[in-house]
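Keep in mind that the numbers below use all heavy atoms, side chains included, and drop hydrogens, waters and symmetry copies.
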Amino acid sequence: MGCDGGTIPKRSEMIKTKKRALRDKKQDELIARWFYCALSNHELRRPIMGCELGRLYNKEELITALLDKPNKPQSIEHIRGLKDIRELKLTANKSFDRKALEKAEGYIDYQNSEFICPVLGVEMNGHYGFVFLWSCGCVFSERALKELKTNNCLVCGQARTENDVIHLYPEADTADLMRDNLLKRRTVCKVGARKRALDSESQNDTQKSLPTDSADVSNFKVSSVGEVTVVVKKAKLEAKKLHSYSKISSKSRSTTNSILVKDVASSVSKYEKVSDNPHVTKVYKSLFTSSQ
């Protein structure tokens, strides 16, 4: 029956022992994604940033990597600068105790997450899908987004579009959709930037060609396209006329005033009372008591 002839069996051959449980690779992947930075593999701590592909980063470590452009990692090639990331507005889980977690010896409960969905209260531990809005940065669960169908943010109420919704660590199907949304969003931004540049250039051109004199303004003709044409000769002639008229008028005014004073003085001397003088106005007569 065996064990004869001086053989020495091992304990494992004689007694069936309990096999060590194999680690679940999917659980390890979820923990690495939802609890650690996608760039440095350090534990996620606020402030937490999110990119257009739905990955989570520690803000300080991501910015230092972006500043070091020669040694920029390939995993963040899609991030050109701060405009391609958003700071996430996360809702804290009141039942989460970080101090108790740090004191634990060996065992860490990854089911208890630091953040939850502000609408349904679901914990953000990888077992439930989460999204954030690119326009405002608010984070909530996919389930809340599906159940509450609205065009506004479920947290802050800001208006949103379909391209604003970014899934955190999406599956293969939604990942392709998010890449398409990324390209659409960037093309829209480029078109908007070009329009703003053209508008600013056209405004600068019109300001340079605008006249400074009132005579020039009267000779302006603006077409529907926005092209401004100035009749320069007429404007110069009218400006010269105005300038010469101002000089003549100043001289003529001084001479006419002196003549009027002399006429009034001569006319007043002929009459004993101002009221008897027919050449003087009523306003001038009212200055004297003798006119009453």
Return the minimal non-hydrogen interatomic distance between Ser75 and Arg55, and the atom names on each side.
O-NH1, 3.1 Å
Considering non-hydrogen atoms only, spot the tightest contact between Val155 and Pro118 and give its length.
CG2-CG, 3.7 Å
Do other residues, nucleotides or ligands put more than 12 heavy atoms under 6.0 Å from the [atom1] atom of [X]?
X	atom1	answer
Arg80	CZ	yes
Glu60	CD	no
Phe35	CZ	yes
Asn151	CG	no
Arg160	CZ	yes

Report the hydrophobic cluster partners of Ile63, with the cluster defined as I, L, V, M, F, W, Y residues connected by side-chain heavy atoms closer than 4.5 angstrom, directly or transitively.
Leu39, Met49, Tyr57, Leu62, Leu66, Leu67, Ile76, Ile79, Leu82, Ile85
Which residues satisfy the side chain to side chain donor-acceptor pair (under 3.5 Å) test with Thr161, sequence neighbours excluded?
Asp164
Under the 3.5 angstrom rule, does the side chain of Asn125 hit a backbone N or O of Asn112 as a donor-acceptor pair?
no
Okay, side chain of Asn93, backbone of Ser113: is any donor-acceptor separation there less than 3.5 Å?
yes
Hydrophobic clustering (ILVMFWY, side-chain heavy atoms < 4.5 Å, transitive) - are Leu168 and Val131 grouped together?
yes
Please check if Leu90 and Tyr128 belong to a single hydrophobic cluster, counting links between Ile, Leu, Val, Met, Phe, Trp and Tyr side chain heavy atoms closer than 4.5 Å.
yes
Distance in Å, [X] [atom1] paired with [Y] [atom2], rounded so as to fall on 0.5 Å steps:
X	Y	atom1	atom2	result
Ile116	Phe130	CD1	CZ	8.0 Å
Glu114	Trp34	CD	CH2	14.0 Å
Asn71	Thr64	CG	OG1	11.5 Å
Lys89	Arg46	NZ	CZ	12.5 Å
Cys117	Arg143	SG	CZ	9.5 Å
Phe115	Leu56	CZ	CG	9.5 Å

Please test His78 against Glu52 for side chain to side chain donor-acceptor pair (under 3.5 Å), starting from the C-alpha separation and ending with a verdict.
CA-CA 8 Å; His78 62 286; Glu52 293 175 293; over 6 Å; no
Distance-only criterion, 3.5 Å: show the donor-acceptor pairs between side-chain atoms of residues 132-141 and protein atoms not counting sequence neighbours.
residue, atom, partner, partner atom, Å
Ser141, OG, Ala144, N, 3.3

Quick one, His42 and Tyr36 - any side-chain contact, counting heavy atoms below 4.5 Å?
no
Leu120 vs Glu147 side-chain heavy atoms within contact, under 4.5 Å:
yes
